[in-house]
Amino acid sequence: MTMGLKMMMLADGLIPGAKPTQIPGMSGPVTKMLGYALWGLVIAGVVGAIIGIFKLATSDKSRGGGGSEPFKWMGGGLAAIILSSSLIAILNGVAGG
C-alpha cells in the first residue's frame, strides 16, 4: 500500500464529512488528494487562528511589547480558512456536488 493511499485512508477517519466530490475529467486519486489537501488547509487555518488568539491572550500588554504578531497569526489563519472554503465550494459547484 502506498504512502498516499495510507494517508487518504487515515484522513477518512480524521476529517468528518470530508468526502471529496468527483471532478469530471480528473482521476480518482488526484481528486481525493486535492480534496483532502483543501480540508487540511482549513484545519491549518483554524490552528493558525487559535495560535494567534493564544498569543494575543498571553502577550505583554505594555507599550514595549505585544506588537502585531498575534494579528498576523489570526489574519493568516482566517485567510487560509476563507481561501480553502471558497475553493471547496467552487470545486463542488464544478463537480455538481
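It should be emphasised that the depicted structure is a prediction, and the values quoted were computed from it without experimental measurement.
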### Task
Determine whether Ile53 and Trp73 make a side-chain contact, defined as any pair of heavy atoms from C-beta on separated by less than 4.5 Å.
no
### Query
What heavy-atom pair brings Ala49 and Met74 nearest, and what distance separates the two atoms?
O-CG, 3.7 Å
### Message
Check for me, please, whether Val46 and Ile51 land in the same ILVMFWY cluster - side-chain distances under 4.5 Å, paths through other members count.
### Response
no
### Message
Using the rule that Ile, Leu, Val, Met, Phe, Trp and Tyr join whenever any side-chain heavy atoms are under 4.5 Å apart, tell me whether Ile81 and Ile50 fall into a single cluster.
### Response
yes
### Message
Which heavy atom of Ala80 sits nearest to which heavy atom of Ser84, and what is that distance?
### Response
O-OG, 2.8 Å
### Message
Restricting to non-hydrogen atoms, name the atom on Leu41 and the atom on Leu83 that form the minimum distance, rounded to 0.1 Å.
### Response
CD2-CD2, 4.5 Å
